[in-house]
Amino acid sequence: MSMGKKPYISLILTKRCNAKCQMCNCHLNPTKPEDEFSPALIDKLPKMKSTTLTGGEPFLRNDIEEVLKKLQGKTDRILINTNGYYTERICEVCAEFPGVGVRISIDGSEKTHNEIRGVPDIYDHAMDTIDKLIKIRGKHDLGIGFCIQDRNYTELIPMFEWAENHGLEFGFSVVQNSSFFNKADNVINNQDNIVNELEKLKRGYLETNNPRKWARAYFTDGAIKYVLNVKKPLTCDAGRSSFFVSAYGDVMPCNDFPKDMIMGNLNNMSWTEIMNSDQGKSIVRMCEKCSANCWSICNMGSQMRRNICKIVLWIVRNKVL
């Protein structure tokens, strides 16, 4: 990790999940509550630029409030990714921590979303959670997350427009494989159609007067390159300024690898010891030579923020086209 630069860290609070998503097998290999890291482990983390809480389903952690308390003063921003099913619990926690960002997974219409997530009423729960969060804390840093894949690419633009019309943030990812998701058989068969929809989204972002959305257009362009298997425009900084911490306390550079790459474990090592260990350094070198062409906000967000000039030039070129 570069000295003096605060890292971007995703904390995988649990691999327990109530959903049975078609693109993820976390529910088939859940962690046991007693094996998940305790909130005290957060004391070992460095000061962070941004911290994302993810899973599994983060709100299955009974001690998520303790996690959030530990993170206050430790990080500049906290974001929680959730499937939105546990409305009461989510609202209870978010009322206590109103400054925390929330992204709720919505992968399309009610029928599509329920089929993808494998729960008959998960769409209704997610929408109810959004409505109640707005009443409790407004729309500050509240949005939806859309995972584009063969099953739902035709619903990308309608969901983007729905979020825009409701004043909510809209983020997306492209379906992928990794050991983290216990998945190796996700494929994209409708490559051209998905690219066409992403091109529409990119143009939609560029046509706004919002510089943040212009940057999202750049991210969308990177996703298009990922789908087309074209070399990505920015190199990844996994293991240097972006990290994942598993529910077991393992520090990893990324969650996109086909197998877990563990730099060390915070239960028996300090952050500095992990960064300076032979194992940690070896994995960073592997990341530097990584040929994977993955593209997600988790591992590219920090690089985008550090390559503002390059992105501004891209925006200028594409805004005038």
Side-chain angles (χ1 to χ4, degrees), residues 18-19 21-24 52 54 57-59 79-87 90-91 94 98 100-175 188 190 193-224 227 295-298 301:
N18 59 305
C21 301
Q22 295 179 10
M23 64 286 191
C24 173
T52 299
T54 186
E57 171 49 47
F59 284 95
L79 179 70
I80 306 177
N81 292 325
T82 173
N83 61 37
Y85 190 86
Y86 298 105
T87 302
I90 294 168
C91 290
C94 291
V100 169
V102 182
R103 295 294 179 273
I104 296 172
S105 299
I106 303 283
D107 294 321
S109 64
E110 180 177 1
K111 181 176 183 294
T112 300
H113 183 65
N114 288 345
E115 287 177 355
I116 288 175
R117 298 281 163 172
V119 180
D121 58 351
I122 197 167
Y123 178 90
D124 288 339
H125 281 262
M127 286 297 186
D128 188 37
T129 298
I130 290 172
D131 289 341
K132 288 181 177 173
L133 283 176
I134 291 172
K135 292 174 183 175
I136 289 170
R137 43 163 274 174
K139 298 178 181 180
H140 169 70
D141 210 356
L142 176 62
I144 65 171
F146 184 100
C147 182
I148 188 169
Q149 51 200 282
D150 285 339
R151 301 173 185 90
N152 69 352
Y153 65 86
T154 60
E155 299 184 45
L156 173 70
I157 300 304
M159 285 310 305
F160 164 68
E161 292 173 344
W162 181 88
E164 287 283 289
N165 291 337
H166 286 79
L168 300 173
E169 300 288 341
F170 180 83
F172 76 92
S173 60
V174 180
V175 68
I188 296 175
N190 295 289
N193 291 328
I194 287 176
V195 166
N196 286 340
E197 297 306 304
L198 288 171
E199 286 285 0
K200 293 176 189 175
L201 179 62
K202 181 176 76 173
R203 182 52 51 188
Y205 278 138
L206 285 170
E207 287 173 354
T208 70
N209 294 317
N210 188 328
R212 289 180 65 224
K213 291 179 180 177
W214 300 342
R216 290 174 187 171
Y218 180 88
F219 176 81
T220 306
D221 188 66
I224 291 168
V227 173
W295 185 264
S296 69
I297 199 64
C298 295

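Just so we're clear, the structure is a prediction, and the values are computed from it rather than from any experiment. Heavy atoms only: backbone and side chains are in, while hydrogens, waters and symmetry mates are out.
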Distance in Å, N193 CG paired with L156 CG, rounded so as to fall on 0.5 Å steps: 12.5 Å
Would I136 and C94 count as a side chain to side chain contact (heavy atoms under 4.5 Å, CB included) if you check the C-alpha gap in whole Å, the side-chain angles of each, and the deciding distance to 0.1 Å? CA-CA 8 Å; I136 289 170; C94 291; 5.9 Å; no
Can you list everything that forms a side chain to side chain donor-acceptor pair (under 3.5 Å) with Q149? Sequence neighbours excluded, please. R151
Qualifying residue, where the test is side-chain hydrogen bond (donor to acceptor under 3.5 Å, both in side chains) with R103 and the options are D141, T54, T52, N81: D141
What I'd like to find out is whether the side chain of M159 reaches to under 4.5 Å of the side chain of N152, using heavy atoms alone. no
Here the pair of heavy atoms bringing S105 nearest to A126 is O-CB, 4.3 Å
Against F59, only a single residue in T129, T87, N83, I90 fulfils side-chain contact (heavy atoms from CB on, under 4.5 Å); can you say which? I90
Describe, in one word, how the ring planes of F160 and F170 are oriented to each other, choosing from parallel (under 30°), tilted (30 to 60°) and perpendicular (over 60°). perpendicular
Kindly say whether L201 contributes a backbone atom to a donor-acceptor pair with the side chain of R216 at under 3.5 angstrom? no
Are I144 and I130 close enough that some pair of their side-chain heavy atoms sits under 4.5 Å apart? yes
Examine distances only and state if a side-chain atom of D128 and a backbone atom of D124 form a donor-acceptor pair shorter than 3.5 Å. no
When rounded to the nearest 0.5 angstrom, what is the spacing between SG in C91 and CG in L133? 4.5 Å
In Å and rounded to the nearest 0.5 Å, what is the CZ to CD1 distance from R117 to I106? 8.5 Å
Stepwise side chain to side chain contact (heavy atoms under 4.5 Å, CB included) test for I194 and D150: CA-CA 8 Å; I194 287 176; D150 285 339; 3.8 Å; yes
Return the OG1 to CD distance between T112 and E155, rounded to the nearest 0.5 Å. 3.5 Å
Would you say H113's side chain and D107's backbone share a donor-acceptor pair under 3.5 angstrom? yes
Do you know which two heavy atoms are closest between F172 and I148, and how far apart they sit? CD1-CG2, 4.4 Å
Given 3.5 Å as the limit, does a donor-acceptor pair link the side chain of E57 with the main chain of A19, or not? no
Y153 pairs by side-chain contact (heavy atoms from CB on, under 4.5 Å) with which of N190, L198, V175? N190
Measure the CD1-CG distance between I104 and L142 for me, rounded to the nearest 0.5 Å. 5.5 Å
Aromatic ring proximity, centroids under 6.0 angstrom, Y205 and Y218: no
Kindly say whether E115 contributes a backbone atom to a donor-acceptor pair with the side chain of Q22 at under 3.5 angstrom? yes
Answer yes or no: is there a side-chain heavy-atom contact under 4.5 Å between E197 and I157? yes
Those residues at least two apart in sequence (or on a different chain) that pass ring-ring contact (aromatic ring centres under 6.0 Å, His included) with H166 are W162
Give a yes or no on whether a salt bridge exists between E169 and R212, defined as a side-chain N under 4.0 angstrom from a carboxylate O. yes
Does a side chain donor of either N18 or Y85 reach within less than 3.5 Å of an acceptor in the other side chain? no
